[in-house]
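By convention in this document, chain letters (A, B, ...) are assigned in the order of the sequence lines, proteins followed by strands, and residues within each chain are numbered from 1.
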There are 2 protein chains.
Amino acid sequence: MATIHDVAARAGVSPATVSRFLRGQRVRSAEAIQAAVDEMDYWPSATAQSLQSGRTHTIGVVVPDITNPYFAAVVKGMESVTRHTDYRIQLANTDESSEREDAVLAEMIRRVDGIILAPATEQDQTPMYVRDAGVPLVFVDRDLLGGEHFDAVLVNNTKGGRQAGEHLLSLGHTRIAAISGSQDTTPGRCRREGFVQALTAAGVEIPPEHDLVGDFREESGYQLALSLLSLPEPPTAIFSANNLMTLGALKALHDLRTDIPGEISLIGFDDLDTGPLLRPPLTVVDRPMVEQGALAMRLLLRRFEDQYANDDARRIILDTKLIERASTAPPRKPRTAAGAGRTGRGRQR
Amino acid sequence: MATIHDVAARAGVSPATVSRFLRGQRVRSAEAIQAAVDEMDYWPSATAQSLQSGRTHTIGVVVPDITNPYFAAVVKGMESVTRHTDYRIQLANTDESSEREDAVLAEMIRRVDGIILAPATEQDQTPMYVRDAGVPLVFVDRDLLGGEHFDAVLVNNTKGGRQAGEHLLSLGHTRIAAISGSQDTTPGRCRREGFVQALTAAGVEIPPEHDLVGDFREESGYQLALSLLSLPEPPTAIFSANNLMTLGALKALHDLRTDIPGEISLIGFDDLDTGPLLRPPLTVVDRPMVEQGALAMRLLLRRFEDQYANDDARRIILDTKLIERASTAPPRKPRTAAGAGRTGRGRQR
DNA sequence: CTGAAAGCGCTTACAG
DNA sequence: CTGAAAGCGCTTACAG
């Protein structure tokens with residue numbers, strides 16, 4: 001590959017002049033240099049430029065699982081903004097593992113200008129380490145305990161959980177179960193809290209055997225739904241706290257030939273491309289996905305502009321939205337559980 | 001950030017010695033150096049190492065759409081192998097655009113050690129340019145006309161298309177339609193060819209108005225299915241050539257309240273995570289996904305080993321597999337179309 | 001085993 | 001406007 005020296009020699013100037021020309025400065029021998037560049041098919045070495053400038057022009061993106069449609073959409077959103085800049089994305093998957101995340105982050109620090117991260121747990125310490133290294137960091141989807149000093153694009157998970165709970169209550173359910181995500185994760189914890197809040201506010205209790213915690217993966221949704229259905233008194237409604245667990249739960253219900261929503265109502269968190277096409281079409285709490293990724297990337301790129309570099313952390317909290325489809329309905333035989341009474345809001349379909 | 005000079009100064013040795021120690025060579029002042037490294041939290045600059053070695057240790061991955069579950073799975077497969085190496089992945093989305101692909105590739109050439117690409121069209125010239133630049137290139141999912149000199153991990157698309165056609169024929173269908181993918185793409189062309197081959201071999205003709213070509217996106221599947229259903233004599237069965245278009249077709253059929261498979265059978269290409277949960281569960285031609293990505297990455301990494309660097313191109317062609325679910329069935333009122341006769345293989349459900 | 005020196009391919013004050 | 005020189009942070013023959 002040709003270097004700037006080769007081009008300079010050919011054009012009869014010094015490397016410095018070629019460099020200046022390439023960066024848009026006025027030079028006398030512009031045509032000669034351009035010709036040399038063309039003939040030799042010269043492209044500056046990004047590595048040499050990086051060493052010189054201290055900038056890599058790459059953004060590290062660390063997500064738990066790229067095959068989760070939510071994260072795929074988020075990454076697409078990020079890509080849609082970098083595509084108009086001269087930044088590129090370096091992608092890493094952590095499989096929800098903190099160790100893996102530590103390893104990834106440690107080596108990214110020296111290779112990227114900034115990082116967008118969906119941390120594996122709220123307790124992660126590595127992000128502090130990243131900040132100390134002077135690498136701008138933005139959280140997406142998930143937060144850190146005490147992470148207020150970092151930029152973040154999140155969703156109002158508590159409200160989302162509440163929406164799910166209130167929806168089931170409004171249909172008249174009182175025997176309600178939750179399949180929550182990892183509790184050391186912002187969305188896992190908050191969605192459950194919001195959900196329980198809604199029930200509590202309505203005087204509906206959620207017994208421990210209905211209050212299950214999974215790990216955001218399909219398999220755990222499957223297993224927990226199975227265990228729920230094998231209870232002596234199974235719930236009449238289930239809230240599942242992410243797309244993958246909802247799919248797992250749906251599979252379990254199908255395997256058991258459960259009638260949805262006849263025997264049991266199911267509400268999920270995060271819509272799916274196939275949501276309306278499923279058996280039955282899924283009622284879900286939806287939220288922006290591609291937009292979340294785009295916003296996170298914009299937040300990060302701002303940090304590279306001197307005027308914003310030292311701004312206070314920006315925390316963007318987006319709203320969730322209930323999408324009612326056919327997987328939820330009033331319970332078939334409304335029971336008057338002791339103390340629960342008529343908790344519904346009177347809305348019927 | 002500490003540099004190797006800082007560490008050397010602190011340990012009382014020369015930078016060269018620190019460098020040797022770091023690379024595992026025996027040195028006298030090992031402990032002193034290790035201590036300095038720890039205290040200063042020193043990590044070598046990847047950029048400086050790259051400039052020196054000429055290797056970036058990053059792999060460029062270029063796909064048309066990361067939110068297509070097939071490509072998400074492929075990327076995950078790649079990640080599962082790089083994770084055990086010291087290579088990382090730089091990801092780019094092309095949105096099926098050749099121009100975008102050209103741009104991405106052009107700048108990747110100077111930044112990565114190798115590239116895995118699912119080319120936007122079979123006519124792409126850029127890959128030749130990549131090869132001329134001395135950057136190893138592996139195709140995944142899609143091939144290039146005259147691309148035999150490149151490593152590739154593909155699938156037997158022709159056979160897959162044939163399987164789809166034979167399945168519909170075996171059910172007794174004779175009024176059959178195809179929604180194909182871009183015809184300047186390997187999978188788009190081959191799947192259609194295989195499909196048509198199967199019909200032709202059985203003496204079944206596919207009229208032009210049933211032989212539709214889309215662009216692998218959901219919207220085109222939707223529109224084309226719509227147009228198929230509005231025909232005076234709509235088909236009794238549709239083959240849709242990828243996951244997204246199948247979803248689109250399914251949506252169209254739902255919107256028209258079409259009974260599947262009663263009025264119309266639908267068979268897709270590429271399974272979905274939600275495949276069994278859809279209304280109705282989808283019959284599809286399936287193929288390995290994660291494995292395809294992993295294999296492509298292994299092929300590429302081999303090129304970095306001297307012993308294999310100059311081997312002939314390795315072309316891995318994987319097999320497809322029919323998964324029969326509930327979206328296909330015999331046509332409701334088998335017509336004896338002139339010349340078609342009983343083309344079924346006699347199998348009935 | 002170790003250090004001084006050169007070099008990887010750029011960019012940018014510093015003089016002119 | 002332009003060139004020589006120094007420097008970005010490493011690594012590696014070359015002597016010793």
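- Screening residues 3-43 of chain B for ring-ring contact (aromatic ring centres under 6.0 Å, His included) gives no qualifying pairs among residues at least two apart or on separate chains.
- The nearest whole Å value for the distance from the CG atom in Leu51(B) to the P atom in dC8(C) is 9 Å.
- For dG3(C), one of the phosphate oxygens OP1 or OP2 lies less than 4.0 angstrom from a side-chain nitrogen or oxygen of Thr17(B).
- Residues satisfying the salt bridge (Lys or Arg N to Asp or Glu O under 4.0 Å) test with Asp215(A), not counting sequence neighbours, are Arg217(A).
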Item to check | Secondary structure of DNA chain D in dot-bracket form (Watson-Crick or G-U wobble, distances below 3.5 Å, | marking inter-strand pairs) | outcome: |||.||||||||.|||

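- Note on Gln49(A): only backbone sugar-phosphate atoms sit closer than 4.0 angstrom, heavy atoms only; bases stay farther off.
- Not one side-chain nitrogen or oxygen of Ser45(A) sits closer than 4.0 Å to the OP1 or OP2 atom of dG9(C).
- Residue Val112(B) forms a side chain to side chain contact (heavy atoms under 4.5 Å, CB included) with just one option from Ile89(B), Thr58(B), Leu105(B), and that option is Thr58(B).
- Among residues at least two apart or in separate chains, ring-ring contact (aromatic ring centres under 6.0 Å, His included) pairs with a member in residues 54-74 of chain A are His57(A)-Tyr87(A).
- Among pairs with a residue in residues 20-39 of chain B, those fulfilling salt bridge (charged side-chain N to carboxylate O under 4.0 Å, His left out) read Arg10(B)-Glu39(B), at least two apart in sequence or across chains.
- Taking only side-chain nitrogens and oxygens, Thr3(B) never comes nearer than 4.0 Å to OP1 or OP2 of dG9(D).
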Extract from the structure each pairing of a protein N or O with an N or O of nucleotides 13-16 of chain C at less than 3.5 Å, listing the distance.
from	atom 1	to	atom 2	distance (Å)
dA13(C)	N6	Arg20(A)	NH2	2.8

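- Taking atom CZ of residue Arg111(A) and atom P of nucleotide dG9(D), one finds them 16 Å apart after rounding to whole Å.
- In this entry the distance linking NE2 of His5(B) with P of dT11(D) reads 11 Å, nearest Å.
- When rounded to the nearest whole Å, the span between CE of Met1(A) and P of dC8(C) equals 16 Å.
- Every pair passing ring-ring contact (aromatic ring centres under 6.0 Å, His included) that includes a residue from residues 114-150 of chain A is listed here, sequence neighbours excluded: Phe139(A)-Phe150(A).
- Within the structure, the salt bridge (charged side-chain N to carboxylate O under 4.0 Å, His left out) test picks out the following pairs touching residues 52-73 of chain B (sequence neighbours left out): Lys76(A)-Asp65(B), Arg55(B)-Asp113(B).
- Contact annotation: Thr47(B) side-chain N/O to dG9(D) OP1/OP2 distance is not under 4.0 Å.
- When rounded to the nearest whole Å, the span between CD1 of Ile4(A) and P of dT2(D) equals 14 Å.
- By the salt bridge (Lys or Arg N to Asp or Glu O under 4.0 Å) test, Arg302(A) is found to be paired with Asp311(A), residues two or more places apart in sequence or in another chain being considered.
- The CZ-P distance, from Arg55(B) to dG9(C), rounds to 15 Å in whole Å.
- Separating the NE2 atom of His57(A) from the C1' atom of dC8(D) is a distance of 15 Å, rounded to the nearest angstrom.
- Only Arg23(B), listed by number, bring a heavy atom of residues 23-40 of chain B to less than 4.0 angstrom from any atom of DNA chain D.
- Under the 4.5 Å side-chain criterion, counting only non-hydrogen atoms from C-beta, Ile109(B) is in contact with Val130(B).
- In terms of the salt bridge (Lys or Arg N to Asp or Glu O under 4.0 Å) criterion, residue partners of Arg303(B) (sequence neighbours excluded) are, by chain and number, Asp151(B).
- Within the 4.0 Å cut-off from OP1 or OP2 of dG3(D), at least one side-chain nitrogen or oxygen of Ser14(A) is found.
- Nucleic acid contact class of Phe21(A) (heavy atoms, under 4.0 Å, all strands): none.
- Distance Leu22(A) CG to dT12(C) C1': 15 Å, rounded to the nearest Å.
- Between Gln52(A) and Pro15(B), it is Pro15(B) whose nearest contact on DNA chain C lies nearer the 5' terminus.
- Between dA5(C) and dC1(C), the distance separating the two P atoms is 23 Å to the nearest Å.
- Listed by first and then second residue, the ring-ring contact (aromatic ring centres under 6.0 Å, His included) pairs that reach into residues 92-114 of chain A come to none, sequence neighbours excluded.
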Item to check | Full working for salt bridge (charged side-chain N to carboxylate O under 4.0 Å, His left out) between Glu107(B) and Arg100(B) | outcome: CA-CA 11 Å; Glu107(B) 56 142 77; Arg100(B) 176 85 189 127; over 6 Å; no

